[in-house]
Amino acid sequence: VTSVTMAMHVAIARQKPVVLFNNIFNRHEFHLYGRGVVLEPPGLSCLGCYKPRFDARCPVTNCMELIEPARVLDAVSAWLPRP
């Protein structure tokens, strides 16, 4: 479970499952090789804005808060190894 960081690159290189948090990059730039999922805030047309902080044109103060914990748990559970 990571955002777009070096941890993501290491996990991909080591062929590990990835649950990737993304809110500023184009989701089509990521290739997880069938071993993961990209989670983004739902229902926003402004993804990919690259703003360093909130401004008056943003529809929400912190769009990452729109990703429900249950959605993260479901994504992680789907990629856990089965006994």
Side-chain angles (χ1 to χ4, degrees):
V1 178
T2 184
S3 58
V4 182
T5 62
M6 186 63 174
M8 174 199 72
H9 295 287
V10 170
I12 292 169
R14 298 215 43 205
Q15 300 181 356
K16 301 297 181 183
V18 176
V19 175
L20 179 66
F21 289 112
N22 177 51
N23 70 328
I24 63 170
F25 298 106
N26 180 334
R27 74 178 292 117
H28 302 291
E29 293 179 6
F30 303 111
H31 190 71
L32 303 178
Y33 301 92
R35 291 185 299 272
V37 62
V38 178
L39 295 182
E40 295 176 322
L44 294 179
S45 61
C46 59
L47 294 176
C49 68
Y50 296 97
K51 292 180 185 172
R53 62 185 162 271
F54 176 76
D55 71 26
R57 293 172 293 183
C58 295
V60 293
T61 304
N62 182 354
C63 62
M64 294 306 283
E65 290 177 355
L66 298 175
I67 299 175
E68 295 289 332
R71 188 169 161 217
V72 178
L73 180 60
D74 289 345
V76 170
S77 296
W79 288 99
L80 286 175
R82 303 291 178 219

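None of the values given here were measured: they were computed from a predicted structure.
Residues L80 and V38 do not share a hydrophobic cluster, clusters being chains of Ile/Leu/Val/Met/Phe/Trp/Tyr side chains in contact below 4.5 Å. M6 is not connected to I24 by any chain of hydrophobic side-chain contacts under 4.5 Å among Ile, Leu, Val, Met, Phe, Trp and Tyr, and they are in different clusters. Hydrophobic clustering keeps F30 apart from V37 (ILVMFWY residues linked when any side-chain heavy atoms are closer than 4.5 Å, directly or through intermediates).
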Could you pull out every donor-acceptor pair under 3.5 Å between side chains of residues 9-20 and any protein atom, sequence neighbours left out?
none

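Note: N23 CG to N62 CG = 8.0 Å, rounded to the nearest 0.5 Å. How far SG of C63 is from CG of L44: 6.0 Å, rounded to the nearest 0.5 Å.
By the side chain to side chain contact (heavy atoms under 4.5 Å, CB included) test, A7 is found to be paired with T2, T5, residues two or more places apart in sequence or in another chain being considered. By the side-chain hydrogen bond (donor to acceptor under 3.5 Å, both in side chains) test, R27 pairs with E40, sequence neighbours left out.
Contact annotation: the side chain of L39 approaches that of R71 to within less than 4.5 Å [non-hydrogen atoms, C-beta and beyond].
Residues N26 and H28 share a closest heavy-atom pair of OD1-N, 2.8 Å. Considering all non-hydrogen atoms of both residues, M64 and P41 come closest at SD-CG, 4.0 Å.
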